[in-house]
Structures are given as C-alpha cells and as structure tokens.
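Report on one structure; see the data block that follows.
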Amino acid sequence: MHDHDDDHAHGNEHAQGHDHDNHYSDMQARVKALETLLTEKGLIDPAAIDAIVETYETKVGPRNGAHVVAKAWSDPDFADWLKRDATAAIASLGHTGRQGEHMRAVFNTAETHHLVVCTLCSCYPWSVLGLPPVWYKAPAYRSRAVIDPRGVLAEFGLTLPEDKKIRVWDSTAELRYLVIPERPEGTDGMDEQTLAGLVSRDAMIGTAVARKPEGAT
Amino acid sequence: MNGPHDLGGQMGFGAVAPEKDEPYFHAEWEKRALGITLSCGAFGAWTIDESRHARENIPPADYLAASYYEIWVRGIDKLLERHGFATRSELLSGHAQQPGAVPKRVLKADMVPGVLAKGGPCDRPVKTAPRFVAGEAVKTKNFNPVTHTRLPRYARAKTGVVEAVQGAFVFPDDNAHGEGENPQWLYTVVFDGAELWGGDADPTLTVSIDAWESYLEPA
C-alpha cells in the first residue's frame with residue numbers, strides 16, 4: 001500500500017475510521033460484487049478483463065511515445081509529418097488505438113515549454129503513454145496546471161528559465177497531446193533506441209525534460 | 001455542468017505528489033474496475049460523453065473524496081441502472097435477480113486486441129464551412145448549463161485567438177444526453193494567462209482549450 005491521499009476514499013461509507021486495508025477491502029468487495037453480477041448476467045467476460053489489464057500492464061506504455069520522440073529527433077521528414085498530421089505519423093509506427101484516435105504533437109523549443117493537462121477529467125494519450133499516473137488524474141494537478149504551471153513544474157523538480165514561455169494544453173476534446181521534448185545536447189550520432197532511453201513519460205507530458213546522456217554536463 | 005470535475009483554477013488541493021516508479025494499479029480492484037468499465041462501454045448502450053456526465057454528477061463531496069477508479073465504479077453503477085442492465089437491488093446484492101437489457105455486443109477476450117486497437121474515432125463530416133479561421137479573435141460564451149459541456153468554467157466569457165481549425169467532431173453537449181452526435185467544427189483557442197487569471201498571472205503563460213463552434217462568438 002502506498003500513501004497517496006488520492007487513492008484513499010473518505011466518503012460517507014468510510015466515515016467509521018476504517019484503516020486503509022479495510023478501505024481497500026470495501027472497494028475490493030464492491031468491485032468483486034459488480035464483476036460477479038455482470039458475469040452471471042452474461043454481460044461481461046472475466047477473461048476479457050484479464051486481457052485488457054494485461055494489455056495496459058505489459059503492451060502499451062510510454063515506450064511507444066519514446067519511440068515516436070526518438071524518431072522525430074532522428075528523422076526531419078518524420079518530425080514534419082508529426083507536426084502536420086500526428087495521428088497518421090504515429091500510426092505509421094504501429095501505435096494506434098483507444099485514447100489515441102486523434103493525436104497532436106507539440107514541440108518544445110528554446111523559447112517555449114509545453115505542458116498537457118485535462119482539467120475536466122483525465123484525457124490522456126493511452127496509445128503512446130499507456131494509462132495515466134495517479135497524479136495526472138488528481139485534483140492538485142488538474143486544478144493548478146492551468147493557473148500555476150511554474151509552481152507545478154517546481155514540484156516535479158523542473159525549474160525553467162524565467163523568460164521561457166509556458167504553453168498549457170487543456171485536453172477538453174478528443175485530441176490527445178504528446179509533448180516532443182527538446183533533444184538534449186551531446187546526443188549526436190546516437191541511434192533511435194538509445195535516444196528513446198532518454199525520454200521519460202513525464203517529458204512527454206511536459207512535467208520533465210529529456211535526460212542528458214550519461215557523462216554529459 | 002458546473003460539477004466537481006471542472007477543476008481548472010480551483011485552489012486548496014495542495015502540492016502535486018509525483019510517485020517514483022508508480023505502478024499502473026495500486027490495488028487489484030482497480031484492474032477489475034478498468035476492465036469492467038471498458039467491457040460495459042462495449043455494450044454500445046451509452047457514449048463516452050454520457051459516461052463522463054455520469055461521473056461529473058457525483059455529488060461534489062463524494063467526488064472529491066473518491067479515488068479515481070472509485071469514481072469510475074460509481075459512474076458505471078449509474079449507467080447500468082439507467083440503461084436497464086441491472087437493478088439497484090442487483091447492484092447492492094452482487095447477484096442476478098431478473099433478466100435485463102440486452103447489449104449490442106458482449107466483449108469477449110478474443111475481441112479485446114481488436115477493440116483496443118480500433119478505439120472510437122469521433123471525427124465526423126459536416127456540411128457547413130468553419131465559421132472561424134486561424135488567427136481570428138473569438139470570445140467564449142458565458143453559459144452555465146446543468147447538462148454536460150466541455151467548456152471549462154475558467155475559459156467562459158474570455159477572449160482568445162483561434163490557433164487552428166481541427167476538423168469536425170461529435171458534439172459532447174448533445175451526445176451525452178442521447179440527442180445525437182450533431183458534429184461541429186472544433187477549434188484550438190489560445191488565451192493569454194492575464195485574460196484568464198488577471199494581472200498576477202505568469203506573464204509568459206498561454207493556455208489553450210479545444211472548443212466546439214457553438215461555444216464561440218466573434219470577439
């Protein structure tokens with residue numbers, strides 16, 4: 001068990017001072033009952049749930065997005081395509097699907113840093129980043145990213161120069177955003193696979209930048 | 001609606017808490033909640049817009065106290081009951097008691113890769129030409145519908161600039177309520193920080209939303 005407030009419900013049904021394990025047991029029981037009911041009614045297939053979970057635990061994740069970024073860093077034609085039609089360019093690498101139906105790539109530059117949020121729910125590009133982290137879906141991030149992005153970035157350990165412009169993209173429709181971080185210095189000649197290793201999930205949301213290669217200052 | 005989900009610019013939630021090497025799930029039930037939600041979505045009985053509206057209708061104190069997947073479970077409960085797939089009594093007991101609505105499809109394991117890979121594109125052709133062009137100043141409407149909308153409160157009655165015409169997409173404000181897809185042109189509209197937040201805003205800040213045409217008026 002971890003200790004994020006966001007994962008702990010304190011609704012009315014939990015007002016009796018249950019400890020955290022009991023809280024999880026409540027939800028475990030509730031969801032188990034729901035799955036049992038829907039299975040009895042022939043409405044769901046528990047094996048399909050297993051397959052969905054396996055897909056997002058093992059097959060779809062930030063590696064897909066890092067692949068896109070490394071390709072954009074290495075191939076100017078691909079970067080141009082990504083700017084014009086990110087959906088098609090990303091699909092050409094095989095990264096398609098749910099919550100990635102309509103993609104847009106935004107490129108960090110020396111002048112501008114991009115940050116993505118969904119203030120209304122949790123819209124996130126599953127096809128390139130996998131399922132979103134808890135903080136992305138939590139009120140603290142959703143409330144503050146649009147009004148105090150520099151403060152939010154500082155909490156991720158990222159301090160931008162004062163004159164660097166910040167552009168926040170609130171994902172209010174079905175467009176899903178992928179931030180293309182700036183290519184770090186000292187990476188000339190690196191192959192795509194090595195470059196992809198420098199690109200974290202957070203760098204593709206905009207709460208981090210790409211890592212410098214080891215040995216670089 | 002001005003529900004608890006519409007969080008942009010609210011204060012008091014404290015610091016963001018990034019978690020090192022965060023796992024995809026923090027409890028087994030979260031995995032099942034995700035899978036159940038996606039499986040029920042495959043029934044074809046409701047749209048993603050209706051499911052969003054079901055979640056934003058959770059009373060604010062409950063919404064803000066619930067973990068993310070708990071919000072999903074509350075939303076699914078509501079949708080299953082509304083569309084006749086389960087009664088309240090069945091949801092409480094966890095067992096089938098009577099026949100219910102029949103879905104258009106039941107998601108089986110062998111269908112999962114195809115369904116996830118296909119997703120649910122929501123761009124649609126429209127017959128009208130876009131009303132606004134890139135570079136044009138626009139003002140967002142000031143409205144407070146009790147129904148679903150994707151125009152955040154902080155971005156209402158504000159002046160911005162159309163940066164791009166993104167194509168035409170299903171209109172969630174109608175689609176959430178079974179009133180049809182009624183696609184409209186969608187625009188990326190950029191606002192200066194000071195327009196949204198006043199004189200104390202970060203001078204380098206711009207914020208954009210994706211706004212359907214009927215959210216906008218000429219500035």
Side-chain angles (χ1 to χ4, degrees), chain A residues 2 4 6-11 24 27-28 30-31 33-38 40-45 47-49 51-53 55-57 96-98 100-102 119-121 131 133-135 137 139-143 146-147 149-150 152 155-156 165-170 172-175, chain B residues 5-10 13-19 22 24 26-27 29 31-36 38-39 52 62 64-68 70 73 85-86 90 94-96 100 103 106-109 112 116-117 119-123 150 152 154 166 169 186 197 202 204-210:
Chain A
H2 74 124
H4 264 197
D6 184 64
D7 263 329
H8 292 170
H10 297 288
Y24 279 119
M27 279 310 294
Q28 192 84 41
R30 183 168 177 176
V31 173
L34 187 57
E35 184 172 343
T36 303
L37 167 65
L38 295 173
E40 283 179 7
K41 298 196 104 176
L43 293 170
I44 63 169
D45 172 12
I49 296 178
I52 290 166
V53 171
T55 299
Y56 289 110
E57 280 197 313
T96 61
R98 189 182 174 87
E101 295 91 344
H102 308 286
T119 64
L120 295 174
C121 46
L131 298 174
V134 167
W135 59 259
K137 304 177 287 193
Y141 184 75
R142 285 161 56 191
S143 62
V146 285
I147 189 171
R150 257 176 227 278
V152 166
E155 282 154 19
F156 284 88
K165 293 176 186 165
I166 300 186
R167 167 68 183 272
V168 180
W169 301 77
D170 190 356
T172 56
E174 303 298 341
L175 299 175
Chain B
H5 66 294
D6 188 355
L7 287 164
Q10 288 200 48
F13 292 110
V16 180
E19 184 183 2
E22 178 175 332
Y24 283 116
H26 291 84
W29 67 264
K31 301 179 185 180
R32 310 315 285 177
L34 170 79
I36 290 169
L38 266 54
S39 294
R52 285 183 182 138
D62 293 339
L64 293 170
S67 72
Y68 188 75
E70 188 176 353
V73 171
F85 293 105
E90 287 177 317
H95 289 289
V106 172
L107 184 70
K108 299 289 187 184
V112 167
L116 294 184
C122 58
D123 51 335
R150 296 290 285 180
Y154 75 84
Q166 297 290 1
F169 287 82
L186 183 78
W197 313 114
D202 187 322
T204 74
L205 173 64
T206 52
V207 179
S208 64
I209 61 168
D210 292 317

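Chain A is the first sequence line, chain B the second, and so forth, proteins listed ahead of strands; every chain is numbered from 1.
Applying the side-chain contact (heavy atoms from CB on, under 4.5 Å) criterion to A:Glu155, with sequence neighbours excluded, gives A:Arg144, B:Ala15, B:Val16. When the salt bridge (Lys or Arg N to Asp or Glu O under 4.0 Å) test is applied to B:Arg52, the partners found at least two apart in sequence or on another chain are A:Glu174, B:Asp49.
Here the closest heavy-atom approach between residue B:Ala96 and residue A:Leu37 is recorded as N-CD1, 3.5 Å. Nearest heavy atom pair, residue B:Ser39 against residue A:Ile52, reads OG-CD1, 4.0 Å. In terms of heavy atoms, B:Ala109 sits closest to A:Ala51 at O-CB, 4.3 Å. Of all non-hydrogen atoms in A:Val146 and B:Gly9, the two that sit nearest each other are CG2-N, 3.7 Å. Residues A:Ile147 and B:Leu205 come closest through the heavy atom pair O-CD2, 4.5 Å. Between B:Pro18 and A:Trp135 the shortest heavy-atom distance is CA-CD1, 3.8 Å.
No other option in A:Ala47, A:Cys121, A:Ala173, A:Ala33 has as many heavy-atom pairs under 4.5 Å with chain B as A:Ala173. Between chain B and the options A:Val31, A:Leu43, A:Thr36, heavy-atom pairs under 4.5 Å are most frequent for A:Leu43. With chain B as the partner, the residue from A:Asp45, A:Leu120, A:Val152 showing the most heavy-atom pairs under 4.5 Å is A:Leu120. The candidate from B:Asp123, B:Leu186, B:Leu64 with the greatest count of non-hydrogen atom pairs under 4.5 Å with chain A is B:Asp123. Put simply, of B:Leu34, B:Ile209, B:Leu38, the one with the most heavy-atom pairs under 4.5 Å next to chain A is B:Leu38. Heavy-atom pairs under 4.5 Å with chain A were tallied for B:Pro103, B:Cys122, B:Ala33; the largest tally goes to B:Cys122. Most heavy-atom pairs under 4.5 Å with chain A, from the set B:Lys31, B:His95, B:Arg150: that is B:Arg150. The choice from A:His102, A:Glu40, A:Lys165 that makes the most heavy-atom pairs within less than 4.5 Å of chain B is A:His102. The residue among A:Val168, A:Leu34, A:Leu175, A:Ile44 with the most heavy atom pairs within less than 4.5 Å of chain B is A:Val168.
Contact annotation for B:Leu116: both backbone and side-chain heavy atoms come within less than 4.5 Å of a heavy atom of chain A. For chain A, the nearby parts of B:Asp6 are the backbone and the side chain; heavy atoms of each come within less than 4.5 Å. Residue B:Val112 touches chain A through its side chain alone, counting heavy-atom pairs closer than 4.5 Å. With a 4.5 angstrom heavy-atom cutoff, A:Thr55 touches chain B only via side-chain atoms. If you measure heavy-atom distances from A:Pro149 to chain B, the contacts under 4.5 Å come from the side chain alone.
Listed for the B:Gln10 side chain is no donor-acceptor partner under 3.5 Å among the backbone atoms of A:Ser143. Not a single donor-acceptor pair under 3.5 Å links the side chain of A:Trp169 to the backbone N or O of B:Asp210. Without hydrogens or angle criteria, A:Arg142 side chain to B:His5 main chain gives a donor-acceptor distance under 3.5 Å. Between the A:Thr119 side chain and the B:Leu7 main chain, no donor and acceptor come within less than 3.5 Å of each other.
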Begin from the C-alpha positions of B:Phe85 and A:Leu38 and carry the test side chain to side chain contact (heavy atoms under 4.5 Å, CB included) through to its verdict. CA-CA 9 Å; B:Phe85 293 105; A:Leu38 295 173; 5.6 Å; no

Are B:Ser67 and A:Lys137 close enough, and set up right, to give a side chain to side chain contact (heavy atoms under 4.5 Å, CB included), and what steps lead you there? CA-CA 9 Å; B:Ser67 72; A:Lys137 304 177 287 193; over 6 Å; no

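Checked against B:Tyr24 for a side chain to side chain contact (heavy atoms under 4.5 Å, CB included), the options A:Leu131, A:Val134, A:Val53 give a single hit: A:Leu131.
Between A:Ile166 atom CD1 and B:Thr204 atom OG1 the span is 5.0 Å, to the nearest 0.5 Å.
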